[in-house]
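To keep things clear, I will list the structure first and then write my remarks on it.
We use all heavy atoms of the structure for the numbers below, so side chains are in, but hydrogens, waters and symmetry mates are not. As the structure is a computational prediction, the values presented were derived from the model and not from experiment.
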Amino acid sequence: DTVLDFTDFVSFRKDLLESLLLDGAATYRLFLGYSGWGPNQLDAEMEQGAWARLPLHPEWLLADAGVTRIQPGIESLSDAVLKLMRKGVTALQNVQLLKWCRELGVTPFWNLLWGFPDEEPSEYARMARLVPLLAHLAPPSGVAGLRLDRFSPGFDDAERLGFLDVAPMPSYDAVYPFPPDRLANLAYSFTFARRGAGEAAEYVAPLLRALARWKRVAGASALFSVPAGDALFVFDLRAAARRPLTVLRGLARAVHDACD
């Protein structure tokens with residue numbers, strides 16, 4: 001192993017980084033992180049060529065590092081519901097993460113939540129139709145109605161986000177002999193009424209049934225490809241498959257390979 005002078009390492013000198021990257025006889029593991037740049041400073045430094053750029057391969061961060069389990073905050077497969085959660089990601093990105101986990105041999109432990117204010121019942125019907133297409137990926141480890149916790153966006157901005165009549169969980173009153181205002185300051189988890197029409201337990205039921213089926217068949221489902229010259233053989237062993245084998249060539253294969 002090569003030991004670097006710590007002062008040189010944190011200085012990010014361009015000549016030092018280039019010498020490390022060009023040294024084919026040594027192996028390094030680099031840890032990069034945010035260090036308080038000013039507005040647009042990082043963009044300007046990259047335009048000036050002050051940073052060495054390398055393609056990012058997920059296996060560098062996971063499989064090769066010995067990571068076999070992760071707990072991603074997926075929590076929904078609906079763009080609309082993810083937006084209500086303020087997640088900053090899309091349903092497609094969540095599915096892409098599950099796909100990469102399957103490719104890299106990483107097991108994701110994730111939850112799917114429901115019962116958000118202003119959510120559209122139709123989104124849960126759409127997710128119920130989507131689930132059979134994901135049978136080859138890891139199903140959620142947990143499925144539950146939303147719990148409102150202190151420090152979450154829903155608690156900090158409850159009224160604007162549609163969390164009404166927020167109150168400490170009844171169990172706090174059974175444990176602590178305090179008046180309601182002191183319990184409210186002590187509690188971490190809260191009950192609430194949510195803004196929006198519809199009984200969540202009713203419109204979520206089809207999705208819950210689809211998720212239960214997903215858990216039953218996940219181990220027996222597969223969707224994978226095998227390259228053979230200019231052809232790509234795609235094997236689909238899901239129950240929802242239209243055909244067990246599809247052969248892609250030319251433009252169809254190029255489109256497939258670009259959709260990673």
As a quick check of understanding, evaluate side-chain contact (heavy atoms from CB on, under 4.5 Å) for Val143 and Trp114, giving each step before the final call. CA-CA 8 Å; Val143 181; Trp114 50 270; 4.1 Å; yes
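- Put simply, Leu98 and Phe109 are part of two different groups of oily side chains (I, L, V, M, F, W, Y) that touch within less than 4.5 Å, one to the next.
- For the pair Leu97/Pro108, no side-chain contact is recorded, criterion being any heavy-atom separation below 4.5 Å from C-beta on.
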Pair up each side-chain donor or acceptor in residues 122-138 with any protein partner under 3.5 Å, not counting sequence neighbours, and list the distances.
from: Glu123; atom 1: OE1; to: Ser78; atom 2: OG; distance (Å): 2.5
from: Tyr124; atom 1: OH; to: Glu119; atom 2: OE1; distance (Å): 2.5
from: Arg126; atom 1: NH2; to: Leu77; atom 2: O; distance (Å): 2.7

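- For the pair Val106 and Trp100, the minimum side-chain heavy-atom distance is 4.5 Å or more.
- If you chain together hydrophobic residues whose side chains sit under 4.5 Å apart, Leu248 and Phe233 never meet in one group.
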Can you check side-chain contact (heavy atoms from CB on, under 4.5 Å) on Phe163 and Leu148, steps first, answer last? CA-CA 9 Å; Phe163 293 90; Leu148 184 62; 4.1 Å; yes
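- Going from atom CG of Asp165 over to atom CD of Glu159 covers 10.5 Å, rounded to the nearest 0.5 Å.
- Other residues, nucleotides and ligands contribute over 12 non-hydrogen atoms within 6.0 Å of the NZ atom of Lys215.
- In the hydrophobic clustering of ILVMFWY residues, with side-chain heavy atoms under 4.5 Å counting as a link, Leu161 and Val81 come out together.
- A distance of 9.5 Å separates CZ of Phe235 from OG of Ser225, quoted to the nearest 0.5 Å.
- At most 12 heavy atoms of other shown residues, nucleotides or ligands fall within 6.0 angstrom of atom OH in Tyr176.
- The hydrophobic cluster containing Met169 does not contain Phe155, counting ILVMFWY residues as joined when their side-chain heavy atoms lie under 4.5 angstrom apart, directly or transitively.
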Contacts under 3.5 angstrom, residues 85-95 side chains, donor-acceptor by atom type, not counting sequence neighbours:
from: Lys87; atom 1: NZ; to: Gly73; atom 2: O; distance (Å): 3.1
from: Lys87; atom 1: NZ; to: Glu75; atom 2: OE1; distance (Å): 3.1
from: Thr90; atom 1: OG1; to: Gln93; atom 2: N; distance (Å): 3.2
from: Thr90; atom 1: OG1; to: Gln93; atom 2: OE1; distance (Å): 3.4
from: Gln93; atom 1: OE1; to: Thr90; atom 2: N; distance (Å): 2.8
from: Asn94; atom 1: ND2; to: Ser76; atom 2: O; distance (Å): 3.0

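- Ser221 has its side chain out of reach of Leu237: every pair of non-hydrogen atoms, C-beta onward, lies at least 4.5 Å apart.
- Between Pro227 and Arg253, some side-chain heavy-atom pair lies under the 4.5 Å cut-off.
- Phe116 and Leu211 fall within a single hydrophobic cluster, where Ile, Leu, Val, Met, Phe, Trp and Tyr side chains are chained together by heavy-atom contacts under 4.5 Å.
- Using a 4.5 Å cut-off on side-chain heavy atoms (C-beta onward), Leu232 and Thr246 make no contact.
- Of all the heavy atoms in Ala231 and Val247, the pair that sits closest is CB-CG1, 4.0 Å.
- A pairwise comparison of heavy atoms in Thr191 and Pro170 identifies CG2-CD, 3.9 Å as the closest pair.
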Please tabulate, one pair per line, all N/O donor-acceptor pairs under 3.5 Å involving side-chain atoms of residues 182-189, not counting sequence neighbours.
from: Asn185; atom 1: ND2; to: Asp181; atom 2: O; distance (Å): 3.4
from: Ser189; atom 1: OG; to: Asp149; atom 2: OD1; distance (Å): 2.8

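- Here the side chain of Arg195 pairs no donor or acceptor atom with the backbone of Leu164 at under 3.5 angstrom.
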